[in-house]
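Note that the structure is a prediction, hence the values are computed from the model and not measured. Both backbone and side-chain heavy atoms feed into the values below; hydrogens, waters and symmetry mates do not. The residues of the chain are indexed from 1 along the displayed sequence.
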Amino acid sequence: MARELTFKIGRKEFSASPTKIDRRKLYGWTELMAVDDEGDQCRLLTTDESGKYIIPLGGTGSGILSGDGQWVERSELQTVDAEGKPARMFPSSFNTVNVLSKKVKPEEFLDYSITDFYELTTATPDLIAAIGDRIYTFEYTYNDSYAPSPAFVMVSGETLFLMIGVKNIYEWLCFGDCENIDETHDDRIVDEGDGDIDFSMF
């Protein structure tokens, strides 16, 4: 049986099952394949530091070492926040009621890159009507996690979609003192120099 998400809008609760939409079916995909002179696919192998010994796929692993080089089991690790305090564990979105109270404008939604795309296939007409033309957001985790992801619920046509994303962080750069830029002054300089601009250069 498909897992269901429970949403709460106002005092009403609704349930719907997300079905993942394969992005490759929407956009297609490409594959890069290495072949030998006879057209047979090559296999990836690694060597040790000396280059004398070939290590086949699956012959290496990863581990965690302490500062003094001692092996550390994962069960001994503890997740902490930036202040060194134990991090908050968020329950799976499938095991809690996801309150849809925060709305975002389309301009804010476009600040995110969508990583996972789902259709809420069992959404009822009442749930679709409750969402309407608004975009709701909530914190989403598939399993219990310390790092939830921003999720968005919206209607397109008569279909309800759930999208998981990450926010795009842009760093604005400028020369000189950015805080003292006078936009009016800059516009005046451009206006005064319009006669010297040869638009054929563009």
Side-chain angles (χ1 to χ4, degrees), residues 1-7 16-100 102 104 108-121 136-154 161-173:
M1 182 177 178
R3 301 177 72 185
E4 287 191 335
L5 289 168
T6 301
F7 300 106
S17 299
T19 300
K20 189 166 187 178
I21 297 177
D22 190 347
R23 297 171 66 92
R24 300 193 305 175
K25 293 181 179 179
L26 295 176
Y27 308 114
W29 71 95
T30 60
E31 294 181 355
L32 182 63
M33 182 183 298
V35 297
D36 59 19
D37 294 338
E38 298 180 357
D40 295 325
Q41 184 176 355
C42 298
R43 291 189 303 158
L44 178 64
L45 299 174
T46 57
T47 63
D48 66 344
E49 294 181 357
S50 69
K52 296 179 180 180
Y53 300 98
I54 296 176
I55 304 174
L57 185 66
T60 60
S62 60
I64 303 171
L65 301 179
S66 65
D68 57 357
Q70 298 298 313
W71 185 269
V72 179
E73 297 293 341
R74 290 189 178 275
S75 59
E76 301 176 25
L77 300 177
Q78 183 180 19
T79 303
V80 297
D81 59 20
E83 299 177 354
K85 299 178 181 179
R88 175 188 172 188
M89 173 68 78
F90 291 84
S92 168
S93 297
F94 292 91
N95 297 330
T96 188
V97 176
N98 303 285
V99 178
L100 300 183
K102 183 179 179 181
V104 298
E108 183 179 349
F109 169 73
L110 293 174
D111 285 338
Y112 291 80
S113 291
I114 301 303
T115 57
D116 295 286
F117 191 31
Y118 298 87
E119 178 184 349
L120 295 170
T121 52
Y136 285 97
T137 183
F138 69 99
E139 297 290 344
Y140 171 86
T141 60
Y142 185 80
N143 296 313
D144 295 349
S145 174
Y146 292 103
S149 299
F152 303 90
V153 179
M154 68 174 67
F161 293 99
L162 168 69
M163 284 161 279
I164 316 300
V166 293
K167 189 165 186 178
N168 300 314
I169 304 299
Y170 298 103
E171 183 178 358
W172 298 98
L173 303 176

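- Here the closest heavy-atom approach between residue Ser93 and residue Phe138 is recorded as OG-CE1, 4.2 Å.
- By the salt bridge (Lys or Arg N to Asp or Glu O under 4.0 Å) test, Asp116 pairs with Lys20, sequence neighbours left out.
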Evaluation steps, side chain to side chain contact (heavy atoms under 4.5 Å, CB included), between Leu120 and Phe7: CA-CA 12 Å; Leu120 295 170; Phe7 300 106; 4.0 Å; yes

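- Within a 6.0 Å radius of CG in Asp37, other residues, nucleotides and ligands contribute 12 heavy atoms or fewer.
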Name every donor-acceptor pair, under 3.5 Å, that has one atom in a side chain of residues 145-152 and the other anywhere in the protein, sequence neighbours excluded.
unit_1 : atom_1 : unit_2 : atom_2 : d
Ser145 : OG     : Ala147 : N      : 3.0

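- A distance of 11.5 Å separates OG1 of Thr96 from CZ of Phe90, quoted to the nearest 0.5 Å.
- Between the side chain of Asn168 and the backbone N or O of Asp111, at least one donor-acceptor pair lies under 3.5 Å.
- Using a 4.5 Å cut-off on side-chain heavy atoms (C-beta onward), Phe109 and Met154 make contact.
- Sparse packing is recorded around CD1 of Ile54, with 12 or fewer heavy atoms of other residues, nucleotides or ligands lying under 6.0 Å away.
- The stretch residues 85-94 participates, sequence neighbours left out, in these salt bridge (charged side-chain N to carboxylate O under 4.0 Å, His left out) pairs: Glu83-Lys85.
- Asp48 and Ile55 make their closest contact through N-CD1, 4.1 Å (heavy atoms, listed as atom of the first residue, atom of the second, distance).
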Side chain to side chain contact (heavy atoms under 4.5 Å, CB included) evaluation trace for Tyr112 with Val166: CA-CA 5 Å; Tyr112 291 80; Val166 293; 5.8 Å; no

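- Annotation: side chain to side chain donor-acceptor pair (under 3.5 Å) contacts of Ser75 (sequence neighbours excluded): none.
- Atom OG of Ser17 is separated from atom OH of Tyr118 by 12.5 Å, given to the nearest 0.5 angstrom.
- Taking Asn95 as the reference, nothing meets the side chain to side chain donor-acceptor pair (under 3.5 Å) condition, with sequence neighbours excluded.
- Applying the side chain to side chain donor-acceptor pair (under 3.5 Å) test to Asp22 and every residue at least two apart in sequence or in another chain returns nothing.
- In this structure a side-chain-to-backbone donor-acceptor pair under 3.5 Å is present from Thr115 to Ile164.
- With rounding to the nearest 0.5 Å, the separation of OG1 in Thr19 from CZ in Phe117 is 12.0 Å.
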Stepwise side chain to side chain contact (heavy atoms under 4.5 Å, CB included) check, Arg3 with Ser92: CA-CA 11 Å; Arg3 301 177 72 185; Ser92 168; 3.6 Å; yes

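- Of all the heavy atoms in Pro56 and Leu45, the pair that sits closest is CA-CD2, 3.5 Å.
- Proximity of a side-chain donor or acceptor of Asn98 to a complementary backbone N or O of Thr6 within less than 3.5 Å is detected.
- The two residues Ser62 and Trp71 make their nearest non-hydrogen contact at O-CH2, 4.4 Å.
- Contact record, Asp36 with Cys42: N-SG, 3.6 Å, taken as the closest heavy-atom pair.
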